[in-house]
**Student:** 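Quick one: this structure, given as structure tokens, is what I'll be asking you about.
As the structure is a prediction and not an experimental result, all values here were calculated from the model. Convention: sequence-line order gives letters A, B, ...; per-chain numbering from 1.
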There are 2 protein chains.
Amino acid sequence: MKKSAPKLSSDYTTRDRLLDAAERLFGLRGYDGVGMRMLAEEAGVNLGAATYHFGSKDALYIETFLRRFRTMNAKRLRLLRQAEEEAGANPLPVCKIVDCMIRPLFQSGLEHPSFQLLLARNLFMPPAFLHEAIRKELEPNIMEFHTALLRSLPGMPDNLLHLRTMFGMGALLVFSVQMDRMPLARDATFNENVLKEMVHFISAGLQSVSPPSLEEWLPVPFPPDFERR
Amino acid sequence: MKKSAPKLSSDYTTRDRLLDAAERLFGLRGYDGVGMRMLAEEAGVNLGAATYHFGSKDALYIETFLRRFRTMNAKRLRLLRQAEEEAGANPLPVCKIVDCMIRPLFQSGLEHPSFQLLLARNLFMPPAFLHEAIRKELEPNIMEFHTALLRSLPGMPDNLLHLRTMFGMGALLVFSVQMDRMPLARDATFNENVLKEMVHFISAGLQSVSPPSLEEWLPVPFPPDFERR
DNA sequence: GTCTATAACCTGATAGAC
DNA sequence: GTCTATCAGGTTATAGAC
């Protein structure tokens, strides 16, 4: 018998219980793999109360995702801007930009392991009804990082950078899915080393000299949208 | 015997129709996102006939996946062994090994776009009932490529190579999901250049000099298994 | 092998008492 | 805000006629 009450304080509302339960279950089994009844049971609340607080399953899913995704993206931009300010007029080292990009995601994985699965799921193959929310939340972020990278990689074609950034995101996402099986969160300096290794891998790919010509490449949208329903 | 004859109506059996429909729909919407009724309708066959031919939804899903996954992996190994034979006693260049690893996957994406989505899905976050089949099919493959890479990257710690290979797989998977939106399959030399760029990105990361020490790293299983049901 | 009918259960959503 | 009861429709799987 498993009791699901992460925070035992008295202001742990039905709403919060539901969001936490949804984070766990949606992350583990995906949108279609979990029903409202299962969510209500996991949260220890009534089924009727569940639909009352969010109106629909879709709305609950969206809110569950955005709750942490928003703050994570804000932190990303904050780190980048801060680094740029400190660097003054000089372009940032590529590995510094990549660090700002993935550090908040890495940290989020340590603090909220079950959200990490949901995040990876939604950036890899988001349900269609979530796609617009992701785009809106992620686009300004992507643009600012893209600009910063272009400044530090003079001569790199726009499209090639898009492609390589996509590769880097892939490395990050697969890592995210595996994070909770790794011996992390034990030793802070060890964690830092793993993060550095990932930053290093991605930076090496971004900075490498391209072998072929890809002049007719088209921009790659990310993440993709799929048909559903 | 009966090679895949996707549209020739004469021996395009109910079984094959179902597999093709399952490939499309499962790839697009995932295991939980598609019902047997939907599959039967898409395949243009009766619902009763659907369960008759495979016994269960799980079995249909597994067979749909393995049908192409098996031949893809065989081709991977064949390319690697052929390259090793040609090289004689010399260790292969890393980019050559990576090429053997991802070329069949790339090609498969050109030939069977809807399978590519299913493949990416299952390597990224496979349903639990599929995990054993994947492991059994993929493990010998991974081991042989891992050995080849170690030979070409002397001094690289086992665990670090596992980690970096995981990064590379991530790059590949995200690319797979986006393939059908790219201007590929038009010009063969263009396709080849895109493939080379991916090989190049991954090889750069694999070969790069590591910044921190990760001596206590543990082997990373891939792909992950999740609880379901 | 193919089809219909149906069993047994789960789905999201809602109406209305408390 | 929380609960019960219920809706209309979905799910997989099976039994048995053709």
**Student:** With a 4.0 Å cut-off on N to O distance, would you call A/Asp20 and A/Arg67 a salt bridge?
**Tutor:** yes

**Student:** For B/Pro126 versus B/His131, what's the shortest heavy-atom pair and its separation?
**Tutor:** CG-CD2, 4.1 Å

**Student:** Side chain to side chain contact (heavy atoms under 4.5 Å, CB included), that's the test. Do A/Leu19 and A/Leu60 meet it? Break it down for me.
**Tutor:** CA-CA 7 Å; A/Leu19 284 172; A/Leu60 169 58; 4.0 Å; yes

**Student:** Protein-nucleotides 4-11 of chain C N/O pairs closer than 3.5 Å?
**Tutor:**
from	atom 1	to	atom 2	distance (Å)
C/dT4	OP2	B/Asn46	ND2	2.8

**Student:** Is there a donor-acceptor contact under 3.5 Å linking the side chains of B/Tyr31 and B/Asp58?
**Tutor:** yes

**Student:** Tell me which of B/Gly44 and A/Ser56 sits closer to the 5' end of DNA chain C, going by the nucleotide each one is nearest to.
**Tutor:** B/Gly44

**Student:** Go through the steps for B/Leu105 and B/Gln116 under the test side chain to side chain contact (heavy atoms under 4.5 Å, CB included), then give the verdict.
**Tutor:** CA-CA 8 Å; B/Leu105 213 139; B/Gln116 198 75 349; 3.3 Å; yes

**Student:** According to ring pair (Phe, Tyr, Trp, His ring centres under 6.0 Å), who are the partners of B/Phe26, at least two apart in sequence or on a separate chain?
**Tutor:** B/Tyr61

**Student:** For a 4.0 angstrom threshold against heavy atoms of chain A, report the outermost contacting nucleotides of DNA chain D in 5' to 3' order.
**Tutor:** D/dG1 to D/dT4

**Student:** Does a side-chain N-to-carboxylate-O contact under 4.0 Å join B/Glu144 and B/Arg81?
**Tutor:** yes

**Student:** Atom CD of residue position B/Glu41 - does it have more than 12 heavy atoms of other residues, nucleotides or ligands inside 6.0 Å?
**Tutor:** no

